[in-house]
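Data block below; observations after.
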Amino acid sequence: MKLNERHLMQLAAVLDAGGVSEGAALLGMTQSAVSRSLSMLEARVGEPLFLRGRRPLQATTLGTQLAVHGRAILTASRRATDAVQGHLKGTSGMVRVGGVPFFMDALVSQMIASFHRDEPEITVQQSYGNLPDLVSSLDARLIDIGIVPIGSAHPGGAYEFIDILPGRNVVACRTGHPLLKRPHPQATDLAAFPWIAPLPGSPLLTDLQMILLSIGLSELNIRYSGGSLMSVVNFLADSDALAVLPFSVLFALRKDNRVTVLPFAIPQPDRSLGILRRLDSPRSPAAERFSQHVIRVFGDLKHTIQRHENAVAWAGPDEAFPPRP
């Protein structure tokens, strides 16, 4: 025997409201339509569902059991309606975001947390990758957006890139590093200390090679490589090693007071951090809302970072690489 789910929902509404008229109003239906449905349900099960002559309406034992299932269906229906409305408004759903590790850990993860405070019904699923990985994930519809630095290696016209932060690298060291005591550190000074190599595939690896060429060194004393942002920071903080890091990442770590900028001017990459999306991908309202949140927070952060950068007394052998105005 198969029962009509709508009839069970109407039974539950009538019993909860205390009458057919009240239940019909609760469901947005006419009284006659609800009465017909209940009569059809009674005919289907072959037994009465209400005790005769009782006001307000009282259910029989069978009516009470069926109403339990009707309430479950009614609740599920309302939740489904809420889910659809939330999806259309962008206040619920899932956002899948991929990004380069250091930026995601230092900056974007905090933005995800602040986004969740404003939009608690949206789930954010995060993954890591460099540009080739993120392009592949976008193509396979595994992520909605990528947060990645891009310069001349733009993936092409099938993608939209929204610039959110200019590229700017610095030499990082621990607070209290011996080189910080020198007013004008030289390239030879940098070569005298161990270095941390960026993650394989990271644009920072190319940047490190550019630094070598610009300061006339053939190689550096690499003593650590392949670490996460936290492991790189821990290594820096407990050694005299140096590393190339994005200025914004170091800025995000400033309150810990473990690592800082070595004010030595280095060549800068021609790229920017931004949001990468496929133009032909469906735009979920939740992903759009998250993208706008990231753009807004980075917009505020950009000016603060710039003021902090301009306060650094940069030194170096080549005036071709001053801080950006």
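At a threshold of 4.5 Å between side-chain heavy atoms, the hydrophobic network of Ile, Leu, Val, Met, Phe, Trp and Tyr places L66 and L51 in two separate groups. Hydrophobic clustering, with ILVMFWY side chains joined whenever heavy atoms are under 4.5 angstrom apart, keeps V100 apart from L142. I145 and M94 fall into different hydrophobic clusters, where Ile, Leu, Val, Met, Phe, Trp and Tyr are joined by side-chain heavy atoms under 4.5 Å apart, directly or via other members. Residues M111 and I295 share a hydrophobic cluster, clusters being chains of Ile/Leu/Val/Met/Phe/Trp/Tyr side chains in contact below 4.5 Å. Hydrophobic clustering, with ILVMFWY side chains joined whenever heavy atoms are under 4.5 angstrom apart, keeps V170 apart from L205.
Between H293 and S114, some side-chain heavy-atom pair lies under the 4.5 Å cut-off. Proximity of R277 to E288: side-chain heavy atoms (C-beta onward) are separated by under 4.5 Å at one or more points. The shortest side-chain heavy-atom distance between L26 and E22 does not fall under the 4.5 Å cut-off. Inter-residue side-chain proximity for I150 and P155 is flagged as met; some heavy-atom pair is nearer than 4.5 Å. Between F298 and I305, every side-chain heavy-atom pair lies at or beyond the 4.5 Å cut-off. Side-chain contact between L220 and L208: present, with at least one pair of heavy atoms (C-beta onward) separated by less than 4.5 Å. Between L179 and L242, some side-chain heavy-atom pair lies under the 4.5 Å cut-off.
Partners of Q31 under the side chain to side chain donor-acceptor pair (under 3.5 Å) rule, at least two apart in sequence or in another chain, are S21. F235 pairs by the ring-ring contact (aromatic ring centres under 6.0 Å, His included) definition with Y224, not counting sequence neighbours. Residues passing the side chain to side chain donor-acceptor pair (under 3.5 Å) test with Q126 are Y128, sequence neighbours excluded. F290 is linked by a ring-ring contact (aromatic ring centres under 6.0 Å, His included) to F115, counting only residues two or more places apart in sequence or in another chain.
Here the side chain of D163 pairs a donor or acceptor atom with the backbone of L165 at under 3.5 angstrom. Judged by distance alone, with hydrogens and angles left aside, the side-chain atoms of E119 form no donor-acceptor pair with the main-chain N or O of R117 at under 3.5 Å. In this structure, the side chain of D144 does not engage the main chain of A287 through any donor-acceptor pair within 3.5 Å. Formation of a donor-acceptor pair under 3.5 Å by the R44 side chain with backbone atoms of K2 is found in this model. A distance-only check finds a donor-acceptor pair linking the side chain of E42 to the backbone of L49 [under 3.5 Å].
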Stepwise side-chain contact (heavy atoms from CB on, under 4.5 Å) check, R271 with L131: CA-CA 12 Å; R271 62 173 176 267; L131 179 58; over 6 Å; no
Worked verdict on L74 versus L27 for side-chain contact (heavy atoms from CB on, under 4.5 Å): CA-CA 10 Å; L74 187 59; L27 296 170; 4.1 Å; yes
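Atom CG of L41 is separated from atom CG of L62 by 8.0 Å, given to the nearest 0.5 angstrom. With rounding to the nearest 0.5 angstrom, the CZ atom of R289 is 9.5 Å from the OG atom of S92. A distance of 12.5 Å separates CE of M104 from CG of L229, quoted to the nearest 0.5 Å. Atoms CE and OG, from M29 and S37 in turn, are 5.0 Å apart once rounded to the nearest 0.5 Å. Once rounded to the nearest 0.5 Å, the distance linking CD of Q65 with CG of L8 reads 12.0 Å. Considering CD1 of I147 and CD1 of I162, their distance stands at 10.5 Å, rounded to 0.5 Å.
Under the 4.0 Å criterion applied to side-chain N and carboxylate O atoms, R174 and D240 are assigned as salt-bridge partners.
For H177 and T260, the side-chain atoms include no donor-acceptor pair closer than 3.5 Å.
The nearest pair of heavy atoms linking T60 to P48 is OG1-O, 3.1 Å. Closest heavy-atom contact between P149 and F103: CG-CE1, 4.3 Å. Counting all heavy atoms, side chain and backbone alike, T175 lies closest to L180 at CA-CD1, 4.3 Å. Heavy atoms only, all atoms of each residue included: V20 and S35 are closest at CG1-OG, 3.5 Å. The shortest non-hydrogen separation linking L134 to G98 is CD2-C, 3.6 Å. Closest heavy-atom contact between S281 and R278: OG-CB, 3.2 Å.
Heavy atoms from other residues, nucleotides or ligands lying under 6.0 Å from CZ of R71 number more than 12. At most 12 non-hydrogen atoms from other residues, nucleotides or ligands lie less than 6.0 angstrom from CE of M40.
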Distance-only donor-acceptor pairs under 3.5 Å for side chains of residues 243-258, two or more places apart:
from : atom 1 : to   : atom 2 : distance (Å)
R254 : NH1    : F251 : O      : 2.8
R258 : NH1    : N234 : OD1    : 3.0
R258 : NH2    : N234 : OD1    : 3.1

Exercise answer: donor-acceptor pairs, residues 189-196 side-chain atoms, under 3.5 Å, sequence neighbours excluded:
from : atom 1 : to   : atom 2 : distance (Å)
D189 : OD1    : R182 : NH1    : 2.5
D189 : OD2    : R182 : NH1    : 3.4
D189 : OD2    : Q186 : N      : 2.8
W195 : NE1    : L190 : O      : 3.0

